[in-house]
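Structure first, then comments.
Atoms considered below: every heavy atom in the structure, side chains included; atoms not considered: hydrogens, waters and symmetry mates. Each chain gets a letter, A, B and so on, in the order its sequence line appears, and its residues count up from 1.
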Protein chains: 2
Amino acid sequence: MPETARRSDHLNATRYGNRPTMKDVAARAGVGLKTVSRVVNGEPGVTPETERRVQEAIDALGFRRNDSARVLRKGRTASIGLVLEDLADPFYGPLSRAVEEVARAHGALLINGSSAEDPDREQELALALCARRVDGLVVIPAGDDHRYLEPELKAGVATVFVDRPAGRIDADVVLSDNFGGARDGVAHLIAHGHRRIGFIGDMPRIHTAAERLRGYRAALEDAGTQVEDSWMSLGVTDPQRVRRAAEEMLAGPDPVTAIFAGNNRVTVTVVRVLAEHSRPTALVGFDDFELADLLQPGVTVIAQDAAALGRTAAERLFRQLDGTLIAPERIELPTRLIARGSGEVPPAV
Amino acid sequence: MPETARRSDHLNATRYGNRPTMKDVAARAGVGLKTVSRVVNGEPGVTPETERRVQEAIDALGFRRNDSARVLRKGRTASIGLVLEDLADPFYGPLSRAVEEVARAHGALLINGSSAEDPDREQELALALCARRVDGLVVIPAGDDHRYLEPELKAGVATVFVDRPAGRIDADVVLSDNFGGARDGVAHLIAHGHRRIGFIGDMPRIHTAAERLRGYRAALEDAGTQVEDSWMSLGVTDPQRVRRAAEEMLAGPDPVTAIFAGNNRVTVTVVRVLAEHSRPTALVGFDDFELADLLQPGVTVIAQDAAALGRTAAERLFRQLDGTLIAPERIELPTRLIARGSGEVPPAV
DNA sequence: CTTGCATATGACAACGTTGTCCAGGCTCTA
DNA sequence: TAGAGCCTGGACAACGTTGTCATATGCAAG
């Protein structure tokens with residue numbers, strides 16, 4: 001073994017444990033650095049015999065190319081970032097997976113993190129990802145001001161927002177048709193004879209919640225019904241408060257005969273409340289959930305396609321990177337009403 | 001503006017879009033490269049006045065430190081990799097989130113990917129993460145031979161396996177007590193008078209499935225009952241086959257009076273089948289799932305704590321990195337029986 | 001005015017890889 | 001056998017950052 005090899009081994013001893021580098025491999029195989037690089041990358045111009053020697057040295061040393069260095073040299077990291085609200089939320093699992101599949105198809109890795117619905121944390125995460133020089137960023141916004149990303153966009157970081165629109169910045173956005181979905185859901189209740197329909201949803205400062213509320217109002221107005229304040233409960237999302245809100249709507253002299261639930265978690269709590277009440281009350285929920293069909297009655301929902309959201313966003317991202325895409329666009333994906341029973345209950349007399 | 005600045009801007013034009021570097025900032029601020037580095041990293045020894053000038057240049061150019069280069073220089077990437085089976089699976093959401101939280105507490109980012117239960121893809125992913133020089137790796141094994149990771153372990157990549165043990169390699173493992181949980185679940189059925197108890201689960205080559213089967217057998221043997229082959233259905237996991245298996249067990253002259261379901265998906269399908277049958281049959285499922293309590297009757301389950309699995313694994317990982325940890329260990333976390341009704345149904349006469 | 005010292009700043013190498021370019025040896029043809 | 005052309009292989013710079021070390025500046029003390 002040439003002298004350089006030993007020296008180099010020693011020099012690298014404290015870094016990354018002590019991973020061998022191409023230099024070490026080259027020394028051991030008795031070839032030049034670049035030849036090793038060629039073998040590792042399958043570039044042409046290496047004799048089978050030389051290649052064999054290099055390969056042997058690689059195996060013997062347990063060498064693995066350092067992609068960090070490679071990235072520094074090449075300028076592209078082949079990785080994209082995903083900032084979402086909560087990895088543990090069943091809605092984001094399929095979305096995240098869809099993004100991953102598209103990334104994989106493009107040879108990219110996925111780095112993701114949860115903002116926990118905190119705008120500061122969203123920003124911190126997004127910027128950390130930019131510092132890692134991800135090629136692109138898929139963001140499910142927690143905040144409503146994304147001007148902090150402007151320098152990054154200008155610098156060429158491909159960016160797509162999903163599920164909620166970007167704030168104060170011009171960028172690609174992929175959304176569900178929250179307005180249309182809610183309108184359809186409420187119209188479905190109206191078609192089954194309901195007029196007094198309750199709405200329980202999140203704070204209207206959240207875009208999806210506002211849109212769904214708007215759809216609710218539109219459907220009732222289309223039917224010529226005047227919406228009463230007591231029918232709506234906004235900014236209510238934790239089980240306790242949803243429960244109280246539902247019970248209030250169902251009590252009183254003139255109770256609602258149906259409830260439209262503004263999201264997943266609300267729907268589930270309302271199901272619990274209705275199960276305890278004797279008077280049958282119709283229910284339609286925004287967002288599908290597992291086992292909704294197994295409940296008695298099955299829960300009628302407006303389903304969004306989370307995987308499609310993720311896939312569409314990621315595909316747009318890579319088209320930005322290809323240069324195929326120019327102007328930012330706003331894409332709305334349709335929702336689908338799934339009737340399972342709870343939405344077809346007629347109004348109690 | 002000094003001449004160098006313009007030249008540098010031009011040279012960098014095609015890389016990372018055209019992100020400014022410390023060199024560009026230095027040129028613009030009229031200071032040395034290292035001074036910029038000092039300011040960016042909050043190192044001491046910079047006059048307030050100089051700092052102001054540098055900060056100004058940073059803002060004007062929209063500079064953000066390139067962490068890839070930083071990583072190359074420093075040798076630690078402050079990121080860990082997570083290889084799991086399927087991000088979209090509700091079981092892995094909380095696990096993944098727990099790992100992320102621990103990583104965040106240690107200032108690390110999380111890169112994750114799905115193996116889709118394919119050993120080759122698991123290996124490909126794990127090695128890709130090693131090439132990125134993640135500091136550590138949390139792996140939910142798809143395959144049962146992990147010798148391919150040996151060079152990486154030797155090179156100092158901290159590694160913890162979760163949910164299933166590592167194959168042919170000595171490493172940290174964090175598991176649920178699959179054997180004990182299954183035994184408890186079946187014992188629960190036995191305590192309610194059942195003897196003829198069916199088991200539907202995954203292929204025994206999957207460690208968790210094998211352990212649960214072992215627990216099932218142990219409980220019945222403890223009760224002095226001879227297990228009959230017709231009670232067990234192994235390697236059955238897709239809805240169609242689970243359905244057929246369940247129906248077979250429930251038919252015939254001497255049907256089972258209770259079923260123990262080996263995992264989540266099996267449980268759900270069995271619930272459907274039982275709902276169609278008139279004779280009441282008891283059911284206990286391994287793994288909790290959302291809304292299990294809302295069904296009629298509520299589904300009794302053996303719950304594992306996915307978040308605890310993830311947290312424990314990640315914490316061990318960082319203790320490996322600290323050097324606090326020496327010998328690999330196998331940790332088993334307890335499971336919990338949650339009685340909700342379906343497991344307390346007495347045997348039909 | 002010189003010496004000594006602390007403090008602010010910059011020049012330079014190094015991290016591990018890839019792209020560019022050149023050299024040496026070979027084959028082929030005239 | 002010489003010249004052209006191809007193939008193999010290596011030297012060197014560069015990617016953007018940080019660590020080391022040297023220098024310049026200012027000020028106090030002799």
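One cannot find a donor-acceptor pair under 3.5 Å joining the base of D:dG16 and the side-chain atoms of B:K23. Side chain B:R73 to base D:dG19: no donor-acceptor pair is found below 3.5 Å.
Around CG of B:D59, the count of heavy atoms belonging to other residues, nucleotides or ligands within 6.0 Å exceeds 12.
Proximity of a side-chain donor or acceptor of B:R164 to a complementary backbone N or O of B:P141 within less than 3.5 Å is detected.
Phosphate proximity of C:dT17 to A:S37: absent, as no side-chain N or O sits under 4.0 Å from OP1 or OP2. Contact between the side-chain N/O atoms of B:K34 and the OP1/OP2 oxygens of C:dA8 is not found at any separation under 4.0 Å. Remark: A:T47 is not in phosphate contact with D:dT8, judged by side-chain N or O atoms under 4.0 Å from OP1 or OP2. Dashed line: the shortest gap from a side-chain N or O of B:T21 to OP1 or OP2 of D:dC15 is not under 4.0 Å. For C:dT18, the OP1/OP2 oxygens have a side-chain nitrogen or oxygen of A:N41 closer than 4.0 Å.
Taking the charged nitrogens against the carboxylate oxygens, B:E56 and B:R52 do have a contact shorter than 4.0 Å, which makes a salt bridge.
Atom CE in B:M22 sits about 16 Å away from atom P in C:dA11, given to the nearest Å. Regarding B:L33, its CG atom lies at a distance of 8 Å from the P atom of D:dT17, rounded to whole Å. A:R133 places its CZ atom 11 Å from the C1' atom of D:dT17, with the value rounded to the nearest Å. In this entry the distance linking CZ of B:R70 with C1' of C:dT17 reads 20 Å, nearest Å. The interatomic distance linking B:K74 (NZ) with D:dG19 (P) rounds to 4 Å, in whole Å. In this structure, CG of A:D67 is placed 14 Å from P of C:dG16, rounded to the nearest angstrom. With rounding to whole Å, A:N66 atom CG is found 18 Å from D:dC15 atom P. As a whole-Å value, the separation of B:L72 CG from D:dT18 P is 11 Å.
Across all strands, A:V40 comes closer than 4.0 Å to no nucleic acid atom at all (heavy-atom distances). A:R38 comes within 4.0 angstrom of a base, heavy atoms only.
The aromatic rings of A:F161 and A:H146 stand perpendicular to each other, their planes meeting at an angle above 60°, with 30° marking the opposite boundary.
Between A:F63 and B:T35, the residue anchored closer to the 5' end of DNA chain C is B:T35, taking for each the nucleotide with the nearest heavy atom.
Taken to the nearest 0.5 Å, the CG atom of A:L87 stands 4.0 Å off from the OG atom of B:S96.
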